[in-house]
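I have placed the structure first, in the form of structure tokens, so that the comments after it can refer back to it.
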Protein chains: 4
Amino acid sequence: MADKSVKKVVLAYSGGLDTSVILRWLQTEYNAEVVTFTADLGQGEELEPARRKAELFGIKEIFVEDLRETFTADFVFPMFRANALYEGQYLLGTSIARPLIAQRQIEIAEAVGADAVAHGATGKGNDQVRFELAYYALKPDVKVIAPWREWSLTSRTRLLEFAEAHQIPISKDKRGEAPFSVDANLLHSSSEGKILEDPAQEPDEIVYQRTISPEAAPDIATEISIDFAEGDPVGLNGETLSPATLLTRLNALGRDNGIGRLDLVENRFVGMKSRGVYETPGGTILLAAHRAIESITLDREAAHLKDSLMPRYAELIYNGFWFSPERRMLQALIDTSQHSVAGRVRLKLYKGNVIVTGRESPNSLYSARMVTFEDDQGAYNQQDAAGFIKLNALRLRLGAAVGRRGGAL
Amino acid sequence: MADKSVKKVVLAYSGGLDTSVILRWLQTEYNAEVVTFTADLGQGEELEPARRKAELFGIKEIFVEDLRETFTADFVFPMFRANALYEGQYLLGTSIARPLIAQRQIEIAEAVGADAVAHGATGKGNDQVRFELAYYALKPDVKVIAPWREWSLTSRTRLLEFAEAHQIPISKDKRGEAPFSVDANLLHSSSEGKILEDPAQEPDEIVYQRTISPEAAPDIATEISIDFAEGDPVGLNGETLSPATLLTRLNALGRDNGIGRLDLVENRFVGMKSRGVYETPGGTILLAAHRAIESITLDREAAHLKDSLMPRYAELIYNGFWFSPERRMLQALIDTSQHSVAGRVRLKLYKGNVIVTGRESPNSLYSARMVTFEDDQGAYNQQDAAGFIKLNALRLRLGAAVGRRGGAL
Amino acid sequence: MADKSVKKVVLAYSGGLDTSVILRWLQTEYNAEVVTFTADLGQGEELEPARRKAELFGIKEIFVEDLRETFTADFVFPMFRANALYEGQYLLGTSIARPLIAQRQIEIAEAVGADAVAHGATGKGNDQVRFELAYYALKPDVKVIAPWREWSLTSRTRLLEFAEAHQIPISKDKRGEAPFSVDANLLHSSSEGKILEDPAQEPDEIVYQRTISPEAAPDIATEISIDFAEGDPVGLNGETLSPATLLTRLNALGRDNGIGRLDLVENRFVGMKSRGVYETPGGTILLAAHRAIESITLDREAAHLKDSLMPRYAELIYNGFWFSPERRMLQALIDTSQHSVAGRVRLKLYKGNVIVTGRESPNSLYSARMVTFEDDQGAYNQQDAAGFIKLNALRLRLGAAVGRRGGAL
Amino acid sequence: MADKSVKKVVLAYSGGLDTSVILRWLQTEYNAEVVTFTADLGQGEELEPARRKAELFGIKEIFVEDLRETFTADFVFPMFRANALYEGQYLLGTSIARPLIAQRQIEIAEAVGADAVAHGATGKGNDQVRFELAYYALKPDVKVIAPWREWSLTSRTRLLEFAEAHQIPISKDKRGEAPFSVDANLLHSSSEGKILEDPAQEPDEIVYQRTISPEAAPDIATEISIDFAEGDPVGLNGETLSPATLLTRLNALGRDNGIGRLDLVENRFVGMKSRGVYETPGGTILLAAHRAIESITLDREAAHLKDSLMPRYAELIYNGFWFSPERRMLQALIDTSQHSVAGRVRLKLYKGNVIVTGRESPNSLYSARMVTFEDDQGAYNQQDAAGFIKLNALRLRLGAAVGRRGGAL
């Protein structure tokens, strides 16, 4: 059982039923002073109700912050420099938000003299790991309270009973259980659990909240351009935009064109497989655009080195090791590669498709003169290829000459 | 300059103008007996005209073979076990065909007592490398003739003059130059060069030969299922099919739903960037389906290990090292992983989208009981997570305790 | 707290004080029937006293086995095919023994109908992880008892009190505490703890048990030869030997020449750094010899691929994942590479040094004709190098031409 | 054949017979003005004779430079931060010197307005690649002259005839052929060719020039300490020293104790295996010391990430890609890791052995309190290990539960 000698705890507080129950539970079970922290990471909810609710619970130190720009500029964009995909497909929308929330909780704990932090993640998922690894990395002596692993409110019924017993308002739609669980921020929304637990069954359309379906999207493509500088997007359709504004706009474009849905069975860090439905409209566009601008501005071996390390980088973020030496080292490698990744990518968005239609850059390494089928006026000497092949083949020929034909070992 | 003391040469012969010119050039310049080899790898052309043409050139040993099943079963499917993508996007359609052609050329050379082989690839591309590395790995003392690197027919005009001077029939549509260059086989078709040389310009619709556009595809989704055994697809919509038949059917499904187009700037092994337009309709569906069946049947670390090595494996195939010790070693690792990759994947094909709608397997590692948000009846002990996190965090805490907060180094 | 409903437990039993206390504790605390398993893995201790002791405790099912050949052939040699070194230096002597012990415990549990297994590893070390991961991988429903994590015998005094209270004989030298802790098997012995806990202090000579010091070794070198087949050593000085016999002989040779000592600070899987003193006399010779025979028989890219994956393979074994999909996949890759790794290596052993003095193989890929500074009679065309370099440089030149000199990004 | 339209060429000039012949050959064959560049990289030869000889050849622009500090600080030390070993053993002494020589040649070419550079490396080795890749990366339009690939002086006799015909002085010992070829700099000396071409034969003692044999070394160990800051050595036995001075001192210590010999069959980038004998006395000590200081100051995952990328980094340097985007990216990753790699390592040097006897650091991550076998006063909770193991085992248990026992796939 957790150490109950907590004096003051900073709670990641959404204002919803679950974290309200946690808030009260911390007050009653731990007899601790609770400080609430509510952040706008683009999840699309009002923050002021959370503040008012916290006040109703008698909270004296209430932190409400708009972190959308920080989230996008310091977490989302650095990750996109790596073209990070977990298990080849997942754009890590939930994973990348947790370290920022944890970081602010710890900063607030330091500021208000709290000795503990608390989060509302369950004991089966990845989020508990992401929160707590970040907490410990940032404040090694912090006390961590994870109510879902500790308390006896193991069923919905008991949770509602506790809420009622403690005068916690329950909005009508929370009486019945939600048919699945949702997490959302500026990068994505994810849905999992309950009606989604059978991976043989297609998700119902009601699951999708961020995107219309490809079928429902317009019959005419939307054409856009994205400008990049040092590996990050900086403009849309020629207009320079702040990180969060740009991502917000891309989300709207993605949503309207049915872009960015993913129905995935993935492997959790805690050891089991789970099924998630993700919507990452803007991020899906951004990945395609970033790959396209890299394709003309990044050296081959730089690109391949990045690609070879990407799975590891994505795994680190998924597993919650954003604040770790190894993520920092990989980030240094990735960031070093992005200096000349600049220029404009044109794309066509159409019913779920993101189609690159053009890329151009002042830093382009593409040389039409070099590659042309036409006379290249000496840019490339085809005779060089003969020697190149001969020496690349030499070890294979030496092997074959002693009986190891076809690369046999 | 190449060694001219060649007696008998096996030419990879398509029957088209270029390889017909090569055929005659080998006869006149090398004074060598030419053996032709024409293979059906699913490029969608008749082979008999090539035989007749070869006869007209006085060729005595003519090999015409249907290799579609071998190509699919022994080259395409092993590669798809790896989920191979070059530079994150390219399904390696051209790369994977070259080793098979080279292998058959060498086998024929051994059978007919030829001392040389010849191919029609240019000196700027990857294909020369792929052909020749395979030749040398399989027959280290073979003489290789690469006319495009050797001859003086450096312009279209000269080529046509040579053809006319040597009574080589020129079909009308070859008089004028093709606006781009095409390679095709059962897995894909690729287009590059000339009108495609500016990566800032969208390809014209005429470039596409294997797929209709997403816009032109039906407004109603097509639902299919694919069955897998030991990592390979074995059935479509419940019907067991041979490898080539299955891939042919997937191609038709992909074509009709606008699936599998890719407009890419890629990095060639010989050192420059080039722009290619690829159409891999069936392969695009297959990749999505294979990933989906792996998602429920493959252990996490097995999947991550594969993912981490995939870029290297794809690079090897792209660069022409199919017949190499390192490709064989990676293949052994990959094949070992596929034993339980079996079951059925359901998919929806719609206007360029491949949407997984269900996966099921007798070997599934997905456990609803383990992952459920509901009461799991003790399948998973949430307390374990606390210790798991604590020990994963330990090194980060020890670092932070001596001043390296947040994973600082 | 652990589940106490255990009926029958297979204990890894050495016959020493600690595991005797565990045995009695299992009988008294769990009220379980205990089955003992004592194995000879080459640790250099008699097994019969353990049997007699177990009989004194009233054990009815006593398993005593000589596993030295299995240990060497199926665990040590496969690992050496990879040239495995943890953190660049440690030959994994302890790590590689644990899976075999665990495997036999599980096999015995299945045979005798036991529902639980127990080991004597502490809660801070790696061995608990290695034992338990293997247990769970082999018998997922097994109950695991780890007394050191459970009981209240947290000090030496309490342990001795328990021993006395339960009539467990305590040999005189166990009254006082050992100045450090030892693990040993045919591959190595390790020492750690207590007097070794300060990594700034050199270990006292009394720590070393398997080797004499380089200073004490003979002034004259010992010359030996080792024969390999399929990557494994099969003969010493021309004499064919069984795996365990060969390793035993190498140990004696290493011991006498002061070979195989290592004083290391390493990183444990459970998160902290620890200091160990290892002696791996035969293994140190074997690694040098295996690398030498590979140097003439293994293709370059095969060798580099192995080298690039070795750290991961070593980490897996260190962390206890011998029985895992990913270790099996890597093993398949490694084993595939060893087919032609055969021949003879000559070495000189001298005061801590292992000096390769010659390698020869019927499968050698080394070609004096190719490499010679003298006239090679056309084996290698130096002109090929020009083209090879030109195309390898092409991307660097294209980069430099647009201002990225010296590989700048 | 090479382009003969060269006006002015910067030659890497040692003053020896071979480069003197090259010098004259450039004057006569290319009719080019030659600029000589002679550098002290610690090879242990006087530079003034080279200057005088160049003057005799009528050279007007003569560059003679002491680059030992630059070589050590900007090339050797950055490489040692990675613990780089090619093929597990080779400390890359030749490889790391070539980029610096090439860089200075190009800088001089820019300064004096030369359009070409020339080197004396043969067409079979790695050095031609290393020189030329660096040239092209730094000055993409430079003309490269590699006389050994171009000229007709293919035998020793012809070379001497040319020398005599052109009044090039031949020192007596150069009349007869040297029994092997040597390269040397401050980091190492290498010997290869001729009497060393049979890898089954032990090298004769005369081959060794930088070290006495272990047998000849003193019977008493030499104890030293090395101080590190930010990953680089900065002091010896408590005395702060410049990089080159420190390396020079370590070389002397290594030489006197028979340290740093390596007899190796390695794989060249150009495709064949070759046998080299290397002496790296100071570097061998430095590697051991650097690993030791990292062992207490570097986080586990940081160290493992470095280790996993080391083979690739070493391969890049071996192959000549020092001035490449990928080397720069890896260097950024490595350098990021070294910030806290500081402290003192004590070592014992004895007859070929480098034995670490202590390491200490203000930044140590080693915690005796954490690791102790004694009561740790709550620093570590052994219960955490149970959960840690349980969740690490979960996927293995789920696999075993569906029939994949022991990590079967």
Side-chain angles (χ1 to χ4, degrees), chain C residues 88 123-124 128-129 132-133 136-138 140 149 193-194 197 199-202 214 263 265 267 270 272-274 291 295-296 300 304 307-308 311 323-325 328 350-353 356-360 365-368 370-373 380 382 385-386 389 393 396-397 400-401 405-407 409, chain D residues 88 123-124 128-129 132-133 136-138 140 149 193-194 197 199-202 214 263 265 267 270 272-274 291 295-296 300 307-308 311 315 323-325 328 350-353 356-360 365-368 370-373 380 382 385-386 389 393 396-397 400-401 405-407 409:
Chain C
K124 281 190 172 179
Q128 58 177 340
V129 190
E132 298 178 29
L133 290 180
Y136 288 129
L138 291 160
R149 293 202 305 260
K194 296 170 192 160
E197 279 177 11
Q201 296 302 316
E202 187 177 0
D263 170 6
V265 177
N267 293 289
V270 293
M272 81 275 277
K273 290 181 183 290
S274 73
R291 274 213 168 272
S295 77
I296 57 168
R300 180 185 71 202
H304 290 199
D307 277 355
S308 75
F323 291 113
S324 71
R328 290 180 186 275
Y350 174 70
K351 282 184 175 289
N353 296 276
V356 174
T357 56
R359 20 359 211 166
E360 47 196 315
L365 295 169
Y366 178 88
S367 164
M370 189 60 64
V371 78
T372 188
F373 277 61
Y380 179 96
Q382 303 211 12
I389 296 169
L396 302 174
R397 290 175 72 197
R405 303 241 156 165
L409 280 142
Chain D
K124 282 191 171 178
Q128 57 177 340
V129 190
E132 297 177 29
L133 290 180
Y136 287 129
L138 291 160
R149 293 202 307 258
K194 296 172 193 161
E197 279 176 12
Q201 296 302 314
E202 188 176 0
D263 170 5
V265 177
N267 293 290
V270 292
M272 81 275 277
K273 289 181 182 291
S274 73
R291 274 214 167 270
S295 77
I296 57 167
R300 181 186 70 202
D307 278 354
S308 74
E315 186 184 63
F323 291 113
S324 71
R328 289 180 187 275
Y350 173 70
K351 283 184 175 288
N353 297 277
V356 174
T357 56
R359 25 349 217 169
E360 47 196 314
L365 295 169
Y366 179 90
S367 163
M370 189 61 64
V371 78
T372 185
F373 277 60
Y380 177 96
Q382 303 211 10
I389 295 169
L396 302 174
R397 290 176 72 196
R405 302 242 157 165
L409 280 141

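Order of the sequence lines sets the chain letters (A, B, ...), proteins ahead of strands, with each chain counted from 1. As the structure is a prediction and not an experimental result, all values here were calculated from the model.
Interface summary for chain D: among C:Ser367, C:Ser295, C:Ser308, C:Ala385, the most heavy-atom pairs under 4.5 angstrom belong to C:Ser295. For the set C:Leu138, C:Leu396, C:Thr357, the entry with the most heavy-atom pairs within less than 4.5 Å of chain D is C:Thr357. The residue among D:Gly88, D:Ala200, D:Gly358 with the most heavy atom pairs within less than 4.5 Å of chain C is D:Ala200. Ranked by heavy-atom pairs shorter than 4.5 Å toward chain D, the options C:Pro311, C:Pro325, C:Ala393, C:Ala400 are led by C:Pro325. The residue among D:Glu360, D:Lys351, D:Arg300 with the most heavy atom pairs within less than 4.5 Å of chain C is D:Arg300.
Using modelled atom types, no side-chain atom of D:Glu132 and backbone atom of D:Val129 make a donor-acceptor pair closer than 3.5 Å.
Atom CD in D:Gln201 sits 10.5 Å away from atom CZ in C:Arg359 (nearest 0.5 Å). Taken from NZ in D:Lys124 to OH in C:Tyr380, the straight-line distance is 8.0 Å, to the nearest 0.5 Å. Here the CG-CD1 distance, from C:Asn267 to D:Ile296, works out to 11.5 Å after rounding to the nearest 0.5 Å. The line from CG of D:Leu133 to CD1 of C:Ile389 is 6.5 Å long, rounded to the nearest 0.5 Å.
Of the atoms belonging to C:Pro140, heavy atoms from both backbone and side chain fall under 4.5 Å from chain D. For D:Gln128, the parts lying near chain C are the backbone and the side chain together; criterion is any non-hydrogen pair under 4.5 Å. If you measure heavy-atom distances from C:Tyr366 to chain D, the contacts under 4.5 Å come from both the backbone and the side chain. For a residue to count as touching a neighbouring chain, one of its non-hydrogen atoms must lie under 4.5 Å from one of that chain's; by this rule D:Tyr136 touches chain C with backbone and side chain alike.
Nearest heavy-atom pair, D:Asp263 versus C:Val356, reported as atom, atom and distance to 0.1 Å: OD2-O, 3.6 Å.
In summary, C:Asp307 and C:Arg291 engage in a salt bridge, as defined by a charged side-chain N under 4.0 Å from a carboxylate O.
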